[in-house]
Amino acid sequence: MKDSKDITAYMGLIGSRAKEASEVLAGLSSEKKNSALKEMAKAIEEDRKEIIKANSQDLSEAKTKKIGESLVDRLELNNLRIDSMISGLLSVSELEDPIGRIKELNATPSGIKISQMRVPLGVIGIIYESRPNVTADAAALCLKSGNSCILRGGSESFKTNSIITKSLKRGLLESGLPENSIELVDTTDREAVKILLGMHRWIDVIIPRGGKGLVKLISNEAKVPVIKHLDGICHVYLDEDCELEKALSIAVNAKTYRFGICGAMETLLIHKNIAQKVLPYLKKEFDEKNVELRGCERTLKFLSISEAKDEDWVTEYLAPILSIKIVDDLNSAIKHINHFGSSHTDSIVTEDKQKVSVFMREVDSSSVMHNLPTCWADGFEYGLGAEVGISTDKFHARGPVGLEGLTSLKYIVEGNAELRKN
């Protein structure tokens with residue numbers, strides 16, 4: 001693309017093509033969509049070596065530019081992660097198709113029959129950073145929910161995304177579906193994103209998936225609705241009534257399963273009555289995994305670590321760094337989470353059912369867990385097949401956004417010549 005005029009024309013072209021494809025997808029049978037998903041999975045398998053080669057080139061360039069370790073982790077594809085991509089495509093093919101599902105409503109005094117039908121949103125724009133697996137996950141969910149998609153990955157994963165999209169399109173063509181059902185913006189020029197955000201003629205919703213800066217930019221500048229995926233400042237609270245061995249394993253797994261995921265624990269809250277007992281064990285475990293600890297003033301009485309600053313409580317590290325705070329009780333833990341958290345995922349570890357009930361009800365997050373590490377916050381693990389992000393909004397889509405999150409409802413009204421009168 002040589003100038004902004006070229007980019008504007010190009011973006012308009014892919015927008016119109018995606019819109020045209022969405023009209024075809026909206027009327028497709030489940031069988032057609034499932035067949036396409038299986039062909040897409042087959043194409044990814046056939047192109048595995050080519051995908052890994054392109055990813056190696058992206059990784060090499062990213063390391064040359066010295067991007068952060070967490071971004072490198074998100075960017076890297078290996079055979080296991082490609083297996084996961086293929087598994088995601090196949091899992092989505094096995095999910096119940098939400099499109100056309102009818103929900104009967106209560107009868108009306110007039111005698112007319114009211115129901116609701118689940119329908120596609122139309123064209124979904126997805127802007128994401130680093131993770132090339134999002135290309136396959138997003139395409140799969142959009143296709144199964146009857147939507148076309150326009151994907152714009154980060155420049156650091158450009159080569160990988162291009163190869164994956166090429167494979168997915170081949171799967172579409174093998175199934176007789178329009179290849180423009182999946183459009184990848186094939187320029188790294190940032191002007192393309194600016195144009196994409198204003199394409200209300202073609203795009204029905206935009207989903208950003210990336211850092212806080214990206215999401216804030218898109219939310220501020222988009223002229224179409226946005227389903228936001230903000231940062232994941234996730235907490236685990238170890239209550240005084242927890243089983244200590246269970247609590248320790250959950251806390252360590254929540255932080256160290258993978259540092260670069262949005263479901264990684266960033267702050268550990270510990271009840272004051274068990275702090276002296278659990279902190280030495282936790283420090284030993286985290287030291288072995290090279291996790292830097294930062295603690296509140298009360299924590300520093302038990303551990304020789306750095307003091308946590310105000311900004312630590314609102315920072316998504318995506319790195320081997322963990323903040324620890326000792327709290328007085330359950331209410332203090334909930335207050336901290338609701339004040340400093342990002343409404344992503346938070347967990348309580350306790351054997352007291354009453355405390356679980358209070359925590360579940362009062363913590364204002366899209367996922368609230370009991371006796372589990374926060375890294376379970378994942379669309380695939382929730383049985384959604386895959387996800388296009390984890391919404392921290394309070395719209396119809398909250399938490400991992402799967403098939404239903406990419407649909408809407410319309411009213412179906414039936415009658416037999418009933419006439420409205422005063």
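Here the structure is a predicted model, which means the values were calculated and not measured.
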Exercise for review: Please test K159 against K53 for side-chain contact (heavy atoms from CB on, under 4.5 Å), starting from the C-alpha separation and ending with a verdict.
Suggested key: CA-CA 9 Å; K159 293 182 177 65; K53 180 180 178 181; over 6 Å; no
Check your understanding: Stepwise, does the salt bridge (charged side-chain N to carboxylate O under 4.0 Å, His left out) test hold for K194 with D189?
Key -> CA-CA 10 Å; K194 183 178 179 181; D189 194 313; over 6 Å; no
Exercise for review: Examine the side chains of T135 and Y128 and answer whether a donor and an acceptor come within less than 3.5 Å of each other.
Suggested key: yes
Exercise for review: Mark yes or no for whether S29, through its side chain, and K32, through its backbone, hold a donor-acceptor pair below 3.5 Å.
Suggested key: yes
Practice item. Using a strict cut-off of less than 4.0 Å between a Lys/Arg side-chain nitrogen and an Asp/Glu carboxylate oxygen, indicate whether E96 and R101 qualify as a salt bridge. Key: yes
Point to revise | Side-chain (S342) to main-chain (D231) donor-acceptor, under 3.5 angstrom | key: yes
Point to revise | Worked verdict on E46 versus R170 for salt bridge (charged side-chain N to carboxylate O under 4.0 Å, His left out) | key: CA-CA 11 Å; E46 291 172 348; R170 192 170 79 250; 3.0 Å; yes
Check your understanding: Should we count CZ of R190 as having more than 12 external heavy atoms under 6.0 Å?
Key -> no
Check your understanding: Judged by modelled atom types alone, do N161 and S157 share a side-chain donor-acceptor pair under 3.5 Å?
Key -> yes
Exercise for review: Give a yes or no on whether the backbone of A18 and the side-chain of N180 come within a donor-acceptor separation of less than 3.5 Å.
Suggested key: no
Practice item. Look at atom CD of E245 and say whether more than 12 heavy atoms of other residues, nucleotides or ligands are closer to it than 6.0 Å. Key: no
Review point. Do the non-hydrogen side-chain atoms of K355 and Y237 ever get within less than 4.5 Å of each other?
Key: no
Practice item. Mark yes when over 12 heavy atoms from residues, nucleotides or ligands other than R201 sit less than 6.0 Å from its CZ; otherwise mark no. Key: no
Study note, to complete from the structure: Result for side-chain contact (heavy atoms from CB on, under 4.5 Å) between I206 and one of I124, V123, I127 points to I127
**Study point:** Test side-chain contact (heavy atoms from CB on, under 4.5 Å) applied to L80 and S84, step by step
**Key:** CA-CA 6 Å; L80 282 176; S84 180; over 6 Å; no
Check your understanding: Should the heavy atoms of other residues, nucleotides or ligands under 6.0 Å from CD of E285 be counted, would the total exceed 12?
Key -> yes
Point to revise | Flag if over 12 foreign heavy atoms under 6.0 Å of CZ, F340 | key: yes
Practice item. Compute the ring centroids of H336 and W313, then answer whether they are less than 6.0 Å apart. Key: yes
Check your understanding: Would S22 and D204 satisfy side-chain contact (heavy atoms from CB on, under 4.5 Å), going step by step from the backbone distance to the final call?
Key -> CA-CA 11 Å; S22 73; D204 295 282; 5.8 Å; no
Study note, to complete from the structure: Applying ring pair (Phe, Tyr, Trp, His ring centres under 6.0 Å) to H344 and not counting sequence neighbours gives none
Check your understanding: Is there a donor in the side chain of T350 and an acceptor in the side chain of D352, or the other way round, less than 3.5 Å apart?
Key -> no
Review point. In this structure, which one of D346, N338, T374, T345 forms a side chain to side chain donor-acceptor pair (under 3.5 Å) with S365?
Key: D346
Check your understanding: Stepwise, does the side-chain contact (heavy atoms from CB on, under 4.5 Å) test hold for F259 with D73?
Key -> CA-CA 9 Å; F259 297 121; D73 175 61; over 6 Å; no
